Structures are given as structure tokens and as C-alpha cells.
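Below you'll find the structure, written out as C-alpha cells, and then a few comments.
A, B, ... follow the sequence lines: proteins, then strands. Residue 1 opens every chain. Quantities reported herein were computed from a predicted structural model and do not represent experimental measurements.
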2 protein chains.
Amino acid sequence: MLTTPTPTDPNDLLKLENQLCFPFYAVSRQLTKTYQPHLQALGLTYPQYLVFLLLWEHEQLTVKELGERLLLDSGTLTPLLKRMEQKQWLSRRRDPRDERSVVIGLLPAGRALQAQARDIPAQMLARVGLTLDELTTLRTQLTHIIKQLT
Amino acid sequence: MLTTPTPTDPNDLLKLENQLCFPFYAVSRQLTKTYQPHLQALGLTYPQYLVFLLLWEHEQLTVKELGERLLLDSGTLTPLLKRMEQKQWLSRRRDPRDERSVVIGLLPAGRALQAQARDIPAQMLARVGLTLDELTTLRTQLTHIIKQLT
DNA sequence: TAAAAATAAATTGTGCACAATTAAACATTA
DNA sequence: TAATGTTTAATTGTGCACAATTTATTTTTA
């Protein structure tokens, strides 16, 4: 045998179908598009929805804390939060005890959106067609990859 | 027993940690960041790299075909391809047999990049720390989700 | 405590992503 | 074949993402 056992083209790894990362990139964008109609009804974007998920749970968080949890920096968050502030959904003020920090606080109009968002997760789950088990397993794997890369 | 068997807060589904989609969103962005140093060395962005993966394999594709494979529309592709054209990596010309279509063709400078990109997939694979088996299984699942959502 | 280092946001500039609209070419059909 | 409808890109406008730099504040250290 002079040929290799599996005569693989060395360029096979550079084909789109063999990429690991493209499926992640594609799924992420398709998921965001699937959220679109639900979120549009509330007048918010997907990243803004993520900010609300945290604020509905915590009421108050600094920009730094939001950034750590969402893996976003101030270059992304500052303009995004300013847009949300303009809609009276949240407040932005310097922490008096540390003027470097900006504290983001949930306002009544923002709190009121939670009720309207309540059914979104279940509707999304139905749409992707995964069982709760599959979803949990997948989430564990993804969380592990995130930890690996961060 | 007056309480439910598993007394779950109805708002639990609206917590970030219980989201399906955030991990996808986060993994996708972290992966792109991990590509960054490799791609920067070649002077290209991640979406531009994806275009090259297709052109290295097919030499010529219409904007429509690129869009179908990458799930991107002309609003994204047209300016991206114009930037790649400016770097002499590819050509853009109308199809003489159907003037509606624009054919993207690989140019020598673009073809030459393939050699420099050859090691990127293996380095990325090592970086994410998945076995080839895990990767294959994951890719199958993701491809299924994409089909489900598209 | 004065100088140096570190931290937190904001700013600047580039490049996607995508919805919505427009324009041109082609196909269909009345 | 003229009118209608469809297809393909390009355009316009908004909102992320992120690298790199800047500014203000706080902490550390000499």
C-alpha cells in the first residue's frame, strides 16, 4: 500500500461543509431572526432583550457586570443602553461610591415588558423543535465551549 | 399538597442562564474572536474567510449562490464583495447570459491565500478542545437546527 | 502623599447583518 | 407582443460588534 489509508484531500478541512464554526454562526443568526417577530412586537432587538433578561432578574447592574455576563464591552453596550434609556426602559447613573462605574436600573416601563415577553421562550422552544433533554445537553456543551474560549 | 410538584417560578424561563439562544450567540462571537489573530494575519474578516472557503472550492459562484450557502443576502454581500474586489482577491461581473446575476470569480491573489489558510482549521480545532467525534455529532445537530429554522 | 498603575466607560472608526425599498433584466401570460 | 409578474442585485438606514484610543476615577506603590 503506497496510498494513505484514507486518502483525504489536504484541502478538505478548508471546505465550508467541514467547518465547525460556520454552523454556530449560522444557527446564531437564524435564531435571532426567529426571535425577530416576537421582539419587534415589544419594540426591542435581541441584544436589548438579553439586557432585559438580566435586569428583570437583578433590577440593578453596572455596565461592567452586564458586560461580564453577556460577554460584551462598553463599545457595544454604551450606545445600546443609551437607546434603551431614551425609551425610558432603564436609567443610567454614576455610582456615587465609585464614579467610574455606571449603574443601570430598571424603570417601570422596562419592568412592564416582562409580562409581554413571558411566552417567548416557550414559543422559541417549540419553533426549534428540540426536546427539553436535547436542549439541556446542548446548553451544557455550549457553556463548556464558551468557558474554553473565554 | 397544595403546591405544584416542582414549584417553578414562571419567570425562570426568562433568566439568562436558562436561555437556549444566548449560548449560541456567545459561542458564535467567541469563535469569531478566536479566528481573529489567524485571519488578521491574512488581512481578512471572518465572513470574508467564509466567502473564500466557497471560492477555493468552486472558483466561480454568483452572489445568489453565495447567499444561499452562507444564508446572507445582497445587503450584506454586495459591500463585502466590493471590499474584496478592491483588494484584487476576486472579480465581479454580470453574467452575459443573464444580466441580473453577478458572477464572483477567484483571482490569483485570492487563490494564493489558500496556502496561508491551510493550518487554520486544525489550530481552531485544537483551541476549542473538542474531539473529532464530538465535533461531528455537534455539527450534525447544528445542521439539523439550521434546516429547522430556515 | 505624590507618582505610577489599574480600572470603568466613553469615543472613534470599520465591518458586518438585515429589513425595506428600488432598479433592471428576464419570464409568463393574456 | 404588450402587460404583468418574478428574479437578482444594489441601495438606504438602523443597530450591533469589536479593536483601539481616550478620559476620568480609584488604587497601589515608591
Side-chain angles (χ1 to χ4, degrees), chain A residues 21-22 24-37 39-41 43-51 61-87 92-104 149-150, chain B residues 21-22 24-37 39-41 43-51 61-68 70-87 89 92-104 149-150:
Chain A
C21 306
F22 174 68
F24 279 110
Y25 166 75
V27 166
S28 176
R29 288 186 299 110
Q30 295 306 305
L31 281 173
T32 302
K33 269 191 228 176
T34 307
Y35 269 108
Q36 222 322 85
L39 296 179
Q40 182 167 266
L44 40 88
T45 66
Y46 181 65
Q48 290 171 8
Y49 172 68
L50 295 179
V51 168
L61 289 167
T62 63
V63 171
K64 176 183 160 66
E65 290 167 331
L66 286 170
E68 283 171 353
R69 287 170 167 77
L70 300 178
L71 305 178
L72 293 171
D73 67 9
S74 69
T76 300
L77 286 174
T78 297
L80 185 155
L81 293 169
K82 282 182 177 174
R83 282 187 284 272
M84 297 178 78
E85 182 188 33
Q86 284 213 324
K87 299 198 175 189
R92 299 166 62 246
R93 55 181 178 70
R94 293 277 166 181
D95 182 342
R97 290 185 308 284
D98 184 345
E99 293 277 349
R100 290 172 303 182
S101 294
V102 167
V103 180
I104 305 301
L149 293 179
T150 308
Chain B
C21 306
F22 173 69
F24 279 110
Y25 166 76
V27 165
S28 176
R29 289 187 299 111
Q30 296 306 305
L31 280 173
T32 301
K33 268 191 229 177
T34 307
Y35 270 108
Q36 215 333 78
L39 296 180
Q40 180 167 266
L44 42 87
T45 66
Y46 181 65
Q48 291 171 8
Y49 173 68
L50 295 179
V51 168
L61 289 167
T62 64
V63 172
K64 176 183 159 66
E65 289 168 330
L66 285 170
E68 283 170 354
L70 300 177
L71 304 178
L72 293 171
D73 68 9
S74 69
T76 301
L77 286 175
T78 296
L80 185 156
L81 293 169
K82 281 183 178 175
R83 282 187 284 273
M84 297 178 77
E85 182 188 33
Q86 285 213 322
K87 299 197 175 189
W89 285 336
R92 298 166 62 245
R93 55 179 179 73
R94 292 278 166 181
D95 182 343
R97 290 184 309 283
D98 184 344
E99 293 277 348
R100 289 173 302 183
S101 295
V102 168
V103 180
I104 305 301
L149 293 179
T150 308

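Regarding contacts with the backbone of D/dA17, every side-chain N or O of A/Thr76 stays at 4.0 angstrom or more from both OP1 and OP2. Phosphate contact (OP1/OP2 of C/dA10, side-chain N/O of A/Thr78, threshold under 4.0 Å): present. Between B/Arg92 and D/dA10 there is a side-chain N or O to OP1 or OP2 distance below 4.0 Å. Proximity of B/Gln48 to the phosphate of C/dC16: a side-chain N or O atom is located under 4.0 Å from OP1 or OP2. Within the structure, a side-chain polar atom (N or O) of B/Arg29 is placed less than 4.0 Å from OP1 or OP2 of D/dC18. Proximity of A/Arg100 to the phosphate of C/dA10: no side-chain N or O atom is located under 4.0 Å from OP1 or OP2. Side-chain nitrogen and oxygen atoms of A/Thr45 include at least one within less than 4.0 Å of the OP1 or OP2 phosphate oxygen of D/dC16. When the side-chain nitrogen and oxygen atoms of B/Lys82 are compared with OP1 and OP2 of D/dT11, one or more of them lie within a distance under 4.0 Å. Taking only side-chain nitrogens and oxygens, B/Tyr25 comes nearer than 4.0 Å to OP1 or OP2 of D/dA17.
Between the CG atom of A/Asp95 and the P atom of C/dA9 there is a distance of 9 Å, given to the nearest Å. Computed from coordinates, the A/Gln86 CD to D/dG15 C1' distance equals 14 Å when rounded to whole Å. Rounded to a whole Å, the CD atom of B/Glu68 is 12 Å from the C1' atom of D/dT7. Atom C1' of nucleotide C/dG15 and atom NZ of B/Lys87 are separated by 11 Å, given to the nearest angstrom. For the pair A/Lys64 NZ and D/dT26 P, the computed distance is 15 Å after rounding to whole Å. If you take NZ of A/Lys33 and P of C/dA20, they are 12 Å apart, rounded to a whole angstrom. Rounded to an integer number of Å, the gap from CD of A/Glu99 to C1' of C/dA9 is 12 Å. Summarising the geometry, the separation between OH on B/Tyr35 and P on D/dA19 is reported as 17 Å, rounded to the nearest angstrom.
With respect to the salt-bridge test (charged N to carboxylate O, under 4.0 angstrom), the residues B/Lys64 and B/Glu68 qualify.
Comparing A/Gln40 and A/Pro79, the nucleotide of DNA chain C nearest to each residue sits closer to the 5' end for A/Pro79. The 5' end of DNA chain D is approached more closely, in terms of each residue's nearest nucleotide, by A/Asp73 than by the other of A/Asp73 and A/Arg97. Each of A/Ser101 and B/Ser74 lies near DNA chain C, and the nucleotide nearest A/Ser101 is the one positioned closer to the 5' end.
When B/Leu77, B/Val51, B/Ile104 are each tested for a side chain to side chain contact (heavy atoms under 4.5 Å, CB included) with B/Met84, only one passes: B/Val51. Test A/Leu61, A/Thr62, A/Asp98 against A/Val103 for side chain to side chain contact (heavy atoms under 4.5 Å, CB included) and you get one pass: A/Thr62.
With D/dC18, D/dC16, D/dA10 as the candidates, the nucleotide lying closest to the side chain of B/Arg94 is D/dA10.
Side-chain N or O atoms of B/Arg29 include one that pairs as donor or acceptor with a backbone N or O of A/Leu71 at under 3.5 Å.
Contacts of A/Thr32 with the nucleic acid, taken as non-hydrogen atoms under 4.0 Å apart, are absent. Counting any heavy atom pair closer than 4.0 Å across all strands shown, A/Leu72 reaches sugar-phosphate atoms only and no base atom.
B/Tyr49 and B/Tyr35 have tilted rings, their planes meeting at an angle from 30° to 60° on a 0 to 90° scale.
Listed here is the closest heavy atom pair of A/Leu81 and A/Arg92: O-CD, 3.8 Å.
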